[in-house]
Visitor: 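Please see the structure below; I have some questions.
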Amino acid sequence: MMKIAILGAMPEEITPLLEILKVYEKHDYANNSYYTANYKNHELILAYSKIGKVNSTLSACVMIEKFKAEALLFTGVAGAFNPSLKIGDLLCATKLCQYDLDITAFGHPLGFVPGNEIFIKTDERLNSLALEVAKELGIKLHTGIIATGDEFICDEAKKEKIRSIFKADACEMEGASVALVCEALKVPCFILRAMSDEAGEKAEFDFDEFVVNSAKISANFVLKMCEKL
Ligand code: SAH
């Protein structure tokens, strides 16, 4: 029996889970809604943070400090950078960075501020559990690096720049901030993303077409993981 947080950024990423759980309680707090439910011996806390690093930081903190989550699983969609990642494919982040954290004017590398590392690692135990779950389900789970920033990337040049600096496999807008909160508060963190687009020209059209389906692929996977925890 564990208290597990399942966090997404958008309604599309969390409502599929609430539909499966059926019975849950809604708690309004800090300009957002948090949902608690029981699932397979665990107590779940679910929320969609709203988009971006600040919103996701707030929600991750609330889930841990107020709702006492003992592990956090992030579920959502991302833009693929690595050409081996196709729309619908699942990526588990081994580490994440903030590509838009920029004090390079002072000679620091992009993504670095004093006192922090450029990359924030996720929990190795949860990541290996995910690989076991994927094997059992007979689906391919990619592992790699995620670059997070407060921008929807739909531009080849921006994509290539971020990809080359951080060797990132995908980009999104919440993962690194959530991982940073979990690391600071010593809560195991898992960041899963299903690809909704390829972050190049016209990615916003792919996103609109694939977000619902990709979000469900990711959501179903984290729920399977809860069964193994
Ligand atoms: N269509 C939404 C906005 C989506 S922003 C609206 O109008 O409200 C994109 C969301 O999906 C973010 O939560 C981000 O984490 C993820 N994402 C998917 N593809 C992305 C990309 N190419 N660049 C950045 N974030 C992306």
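Note: hydrogens, waters and symmetry copies are ignored here, and every other heavy atom, side chains too, is used. Whatever order the structure lists them in is the order used to number ligands and atoms, beginning at 1.
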Visitor: Measure E12 to ligand 1 on non-hydrogen atoms and call it side chain, backbone, both or neither using the 4.0 Å cut-off.
Guide: neither
Visitor: Find out whether the Lys NZ or Arg CZ of K159 is both under 6.0 angstrom from the six-membered ring centre of F81 and within 45° of the ring's axis.
Guide: no
Visitor: Please state which protein non-hydrogen atom is closest to atom 20 (C) of ligand 1 and give its distance, to 0.1 Å?
Guide: F152 CE1, 3.3 Å
Visitor: Mark yes or no: K66 above the aromatic ring of Y29, with NZ or CZ under 6.0 Å from the six-membered ring centre and no more than 45 degrees from the axis.
Guide: yes
Visitor: Please tell me if atom 10 (C) of ligand 1 is touched by the protein, where touching means a protein heavy-atom distance below 4.0 Å.
Guide: yes
Visitor: Quick one: look up the protein heavy atom nearest atom 6 (C) of ligand 1 and list residue, atom name and how far away it is.
Guide: I51 CD1, 4.6 Å
Visitor: Please list the nearest protein heavy atom to atom 16 (C) of ligand 1 with its residue and the distance rounded to 0.1 Å.
Guide: V77 O, 3.4 Å
Visitor: Return the residue, atom name and 0.1 Å-rounded distance of the protein heavy atom closest to atom 13 (O) of ligand 1.
Guide: E174 OE2, 2.7 Å
Visitor: Counting each atom of ligand 1 from 1 as listed, which ones have a heavy atom of G79 under 4.0 Å away?
Guide: 18 (C), 19 (N), 20 (C), 22 (N)
Visitor: Without placing hydrogens or testing angles, list every side-chain donor-acceptor pair under 3.5 Å for residues 102-109, not counting sequence neighbours.
Guide:
{"residue": "D102", "atom": "OD1", "partner": "T104", "partner atom": "N", "Å": "2.9"}
{"residue": "D102", "atom": "OD1", "partner": "T104", "partner atom": "OG1", "Å": "2.6"}

Visitor: Just which atoms of ligand 1 are under 4.0 Å from any heavy atom in S196?
Guide: 18 (C), 19 (N)
Visitor: For A179, is there any backbone N or O sitting under 3.5 Å from a side-chain donor or acceptor partner on E183?
Guide: no
Visitor: Quick one: do the S33 and D28 side chains pair a donor with an acceptor below 3.5 Å?
Guide: yes
Visitor: Could you tell me whether the side chains of S49 and S59 share a donor-acceptor contact shorter than 3.5 Å?
Guide: no
Visitor: Check each heavy atom of D197 against ligand 1 and say whether those closer than 4.0 Å belong to the side chain, the backbone, both or neither.
Guide: side chain
Visitor: Salt bridge or not for E151 and K158, using N-O below 4.0 Å?
Guide: yes
Visitor: Quiz question for you: does at least one protein heavy atom lie closer than 4.0 Å to atom 23 (N) of ligand 1?
Guide: yes
